[in-house]
J.: 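Supplied in structure tokens, the structure appears directly below.
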Amino acid sequence: MRPYVIDPMIPEGAIAERVAGLAAEINQAFADTEKLVVVGLLRGSFIFIADLVRKLTVPVEIDFLEVSSYGDATTSSREVRVLKDLRGEIAGRDVLVVEDIIDTGHTLAAVTRLLRTRAPARLEVCALLDKPSRRETAVQARWVGFEIPDAFVVGYGIDYAQRDRNLPHIGAVRFTDDASGDKFGGASA
Ligand code: IMP
Ligand code: MG
């Protein structure tokens, strides 16, 4: 593995403050819900969803979906493969998809397309991080925690090759063996 360091980007306290703010808006938007199905996209959203739901006051149910990109990852028609499907039904119900980070937007576009085929009453998305400069699709989250520049980030559930998910803050990966200025060293999302 190439050597790297993690430059701090978003401190733990700032994340907690923003999560509480997002939850307040979600509580308001879904104030009249019978029960909100909060769908976490595995694995990157596991810490975010755990913190977020503890700030929700509307009745909630928690479910998880795990997908992986497949096929030609460079084409814009990129689809996803369902690795772990929801346990519950969402037809006629209020659904909040919780994602760690929106990059090109292909994952979220495919996930919302899939979930809409199941006819939820309402379907909204809350993403902790958004890299708008990387977007390749028209997909948008109703709630975004932080817009960030085009950097490869880790921490607070988000990984680099399955590492650093346990970091309590969010930081940017910087390779230390690289003098060329290629800040991502060919790492991809
Ligand atoms: P998208 O389909 O390009 O929007 O990619 C979204 C997924 O790629 C996210 O859910 C993450 O799992 C992963 N990803 C995108 N950017 C990063 C990053 O900076 N660090 C770690 N994972 C990332
Ligand atoms: Mg992900």
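Note that the structure is a prediction, hence the values are computed from the model and not measured. Each ligand, and each atom within it, is numbered from 1 in the order the structure gives.
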J.: Working to the nearest 0.5 angstrom, can you tell me the gap between Arg113 CZ and Leu108 CG?
T.: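 Separation between the atoms: 10.5 Å.
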J.: Under 6.0 Å between the ring centres of Phe175 and Tyr160?
T.: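 Here the rings of Tyr160 and Phe175 have centres that are less than 6.0 Å from each other.
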J.: Could you go through Glu124 and Phe30, starting from their C-alpha distance and side-chain angles, then the distance that decides it, and tell me whether this counts as side-chain contact (heavy atoms from CB on, under 4.5 Å)?
T.: CA-CA 10 Å; Glu124 300 286 1; Phe30 286 103; 3.7 Å; yes
J.: Select the closest option to atom 23 (C) of ligand 1 among Ile101, Leu41, Val80, judged by heavy-atom distance.
T.: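 It is Ile101 whose heavy atom sits nearest to atom 23 (C) of ligand 1.
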J.: Of the backbone atoms (N, CA, C, O) and the side-chain heavy atoms from C-beta on, which set of Glu136 has a member under 4.0 Å from an atom of ligand 1: side chain, backbone, both, or neither?
T.: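 Neither; nothing of Glu136 gets under 4.0 Å from ligand 1.
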J.: Strictly below 4.0 Å, N to O, side chains only: are Arg134 and Asp103 in salt-bridge contact?
T.: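 Salt bridge between Arg134 and Asp103, a charged N being under 4.0 Å from a carboxylate O: yes.
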J.: Counting from 1, what ligand 1 atoms have a heavy atom of Glu99 closer than 4.0 Å?
T.: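 Going through ligand 1 atom by atom, the ones under 4.0 Å from Glu99 are 10 (O).
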J.: Got an N/O contact under 3.5 Å between Ile102 and ligand 1?
T.: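 In fact, backbone or side chain, Ile102 has no N or O that close.
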J.: Show which atoms of ligand 1 fall inside a sub-4.0 Å distance from at least one heavy-atom site of Val153.
T.: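 Contacts of ligand 1 toward Val153, numbered from 1: 18 (C), 19 (O), 20 (N), 21 (C).
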J.: Would you check the N or O atoms of Ile158, main chain and side chain alike, for any that come under 3.5 Å of an N or O of ligand 1?
T.: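 No.
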J.: Any atom of ligand 1 sitting under 4.0 Å from a heavy atom of Asp100?
T.: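 Distance cut 4.0 Å: Asp100 passes for ligand 1.
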J.: Taking Asp100 first and then Arg165, would you say they form a salt bridge - that is, a charged N and a carboxylate O separated by under 4.0 Å?
T.: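 No, this pair does not count.
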J.: Indicate, as side chain, backbone, both or neither, the part of Arg134 found under 4.0 angstrom from ligand 1 when only non-hydrogen atoms are considered.
T.: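 Contact part for Arg134 vs ligand 1: neither.
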